[in-house]
Amino acid sequence: MADYKAAPLASLPKTLDPNEYFNLSLEYRRAEEERSALRSNLKLQYQTQLNNPHRKALIDDPALTRWMYARSHTYPHFKATSKTSLSGFLFGVLPIIGFWYLFKTDRDKKEADIKAGKCIRKFALSS
Amino acid sequence: MAGVGFRRWAQALSRGKGSGLSALLPGYRAASGGSKADLPSSYPLTPEAKAAAAKKYNMRVDDYKPYPDQGEGYGDYPKLPDTSQQERDPWYQWDHPDLRRNWGEPMHWNFDIFTRNRVDTSPTVVSWSTMCKQLFGFIGFMLFMFYLGEKYPAYQPVAPKQYPYNNLYLEKGGDPEKQPEEVVNYKI
């Protein structure tokens with residue numbers, strides 16, 4: 001098991017992570033405490049709203065709003081670089097033109113075969 | 001009451017400066033709900049902008065890393081590690097236990113694929129390279145063996161089937177008046 005290596009879709013288990021056992025410096029601990037403080041603050045906000053007896057409405061999650069906003073407002077931050085243009089071409093333009101070309105040539109060849117009488121026409125929906 | 005409000009609105013409209021739909025809307029909005037500053041904006045260029053963005057997303061300044069500014073549309077949204085929700089502690093009291101997420105926690109850009117019903121990045125029983133080797137090794141070996149079997153078939157010796165009555169001359173629709181040719185399927 002010691003030769004287990006992490007991969008993009010298979011992370012390293014915490015028990016095999018060397019950083020859990022060594023290098024526990026003061027800065028690392030302070031960082032963990034700061035993260036914990038942020039988490040506790042958010043928990044307090046949520047619990048206050050959750051247990052409020054006069055609350056009738058749903059509790060909004062600003063993180064969720066931000067995520068939805070970010071995912072739907074990507075165009076203002078879009079720039080036409082070589083990478084994005086290549087992506088656009090490969091996924092937007094190439095499939096359409098490629099499939100049009102393939103289908104057209106295949107069908108034309110079949111039509112020419114039928115006209116020349118070389119094709120056996122079966123009674124089937126697929127060719 | 002409603003009549004007074006309508007009259008006031010009509011008066012404001014005739015006095016108003018805007019045009020089109022904005023002229024019909026009131027020039028004020030409620031103070032409840034989030035403000036525009038809470039929403040994601042463009043890539044942070046200065047360290048102050050980075051600090052402000054980290055505060056907005058409830059992250060530490062050191063933890064906050066935006067996506068590289070390559071025009072792909074991310075803006076200042078933080079780049080969180082690509083770990084699925086299945087990896088998170090099942091025994092901790094999450095605010096949303098089915099999503100294993102707390103309220104207000106920054107969501108991954110691809111949060112919807114990392115839910116527990118979908119992509120799972122949790123540690124596997126054996127490492128990825130071992131899994132690949134085993135699967136493709138087996139498939140490759142089977143394909144190779146099937147190819148050999150096609151090329152060099154091995155079976156018991158067989159011959160074409162032999163039928164009696166002159167190769168079933170009458171059954172195959174032969175003329176009963178004519179004498180068929182004699183078919184001898186044996187050799188003594």
Side-chain angles (χ1 to χ4, degrees), chain A residues 1-17 27-28 30-50 57 59-85 87-88, chain B residues 32-36 38-43 54-63 67 69-78 81-84 86-87 89 93-96 99 101-112 119-132:
Chain A
M1 205 65 209
D3 56 355
Y4 177 99
K5 283 191 202 34
L9 285 171
S11 60
L12 200 64
K14 254 195 143 107
T15 43
L16 284 181
D17 188 5
E27 287 85 38
Y28 180 77
R30 190 162 295 131
E32 278 296 323
E33 276 179 28
E34 279 177 32
R35 284 185 207 119
S36 180
L38 280 167
R39 263 202 304 271
S40 310
N41 183 24
L42 288 171
K43 275 269 191 200
L44 178 71
Q45 285 182 37
Y46 181 63
Q47 289 292 331
T48 318
Q49 285 180 287
L50 189 68
I59 306 175
D60 300 328
D61 189 353
L64 182 66
T65 318
R66 277 192 284 270
W67 179 72
M68 293 194 319
Y69 184 89
R71 286 277 293 245
S72 41
H73 290 79
T74 54
Y75 184 63
H77 310 297
F78 173 75
K79 281 194 304 240
T81 66
S82 51
K83 191 166 154 192
T84 55
S85 307
S87 288
Chain B
S32 60
S35 66
K36 204 108 190 259
D38 276 339
L39 292 172
S41 51
S42 47
Y43 186 82
K55 192 159 166 22
K56 177 172 72 175
Y57 288 109
N58 293 319
M59 297 173 79
R60 284 178 65 239
V61 182
D62 298 327
D63 289 341
Y67 281 94
D69 190 18
Q70 286 168 344
E72 286 161 330
Y74 290 110
D76 69 350
Y77 204 82
D82 287 341
T83 51
S84 76
Q86 181 68 21
E87 277 194 49
D89 187 3
Q93 298 282 355
W94 301 100
D95 292 336
H96 305 295
L99 297 171
R101 183 182 163 266
N102 282 322
W103 184 88
E105 188 190 316
M107 296 171 83
H108 193 285
W109 182 271
N110 292 317
F111 179 80
D112 46 349
V119 174
D120 182 13
T121 61
S122 39
T124 50
V125 179
V126 287
S127 63
W128 197 263
S129 55
T130 316
M131 288 198 289
C132 281

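Order of the sequence lines fixes the chain letters, A, B, ..., with proteins taken first and strands second; residue numbering starts at 1 for each chain.
- We find the CG-CG distance between A:Leu42 and B:Asn58 to be 4.5 Å, quoted to the nearest 0.5 Å.
- For chain B, the nearby part of A:Asp60 is the backbone; its heavy atoms alone come within less than 4.5 Å.
- Not one N or O on the side chain of B:Tyr74 forms a donor-acceptor pair closer than 3.5 Å with the backbone of A:His77.
- Contacts of B:Asp63 with chain A are made by side-chain atoms alone, with heavy-atom separations under 4.5 Å and no backbone atom involved.
- Among B:Trp128, B:Tyr77, B:Tyr43, B:Phe111, the residue with the largest count of heavy-atom pairs under 4.5 Å with chain A is B:Tyr77.
- Only the side chain of A:Thr84 has a heavy atom closer than 4.5 Å to any heavy atom of chain B.
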Kindly determine whether A:Arg66 and B:Asp38 satisfy side chain to side chain contact (heavy atoms under 4.5 Å, CB included), including the steps that lead there. CA-CA 7 Å; A:Arg66 277 192 284 270; B:Asp38 276 339; 4.1 Å; yes
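- The number of heavy-atom neighbours closer than 6.0 Å to CG of A:Asp17, taken from other residues, nucleotides and ligands shown, is above 12.
- The two residues A:Lys43 and B:Gln93 come nearest to each other via the heavy atoms NZ-O, 2.8 Å.
- For B:Glu87, the part lying under 4.5 angstrom from a heavy atom of chain A is the side chain only.
- Of the two parts of B:Ser42, the backbone and the side chain both hold a non-hydrogen atom closer than 4.5 Å to a non-hydrogen atom of chain A.
- When heavy atoms are compared at a cutoff of 4.5 Å, A:Pro76 does not approach chain B at all.
- Scanning both residues, B:Pro40 and A:Tyr69, for their nearest heavy atoms gives CD-CD2, 3.4 Å.
- Looking at B:Met59, only its backbone comes within 4.5 Å of chain A, counting heavy atoms on both sides.
- In this structure, B:Trp103 and A:Ile59 approach most closely via the heavy-atom pair NE1-CG2, 3.6 Å.
- For the atom pair OH of A:Tyr46 and CD of B:Glu105, the computed distance is 13.0 Å after rounding to the nearest 0.5 Å.
- Looking at A:Ala31, both its backbone and its side chain come within 4.5 Å of chain B, counting heavy atoms on both sides.
- Using a 4.0 Å cut-off between a side-chain N of Lys or Arg and a carboxylate O of Asp or Glu, B:Asp62 and A:Arg30 do not qualify as a salt bridge.
- Using a 4.5 Å cut-off between heavy atoms, B:Ser129 does not touch chain A at all.
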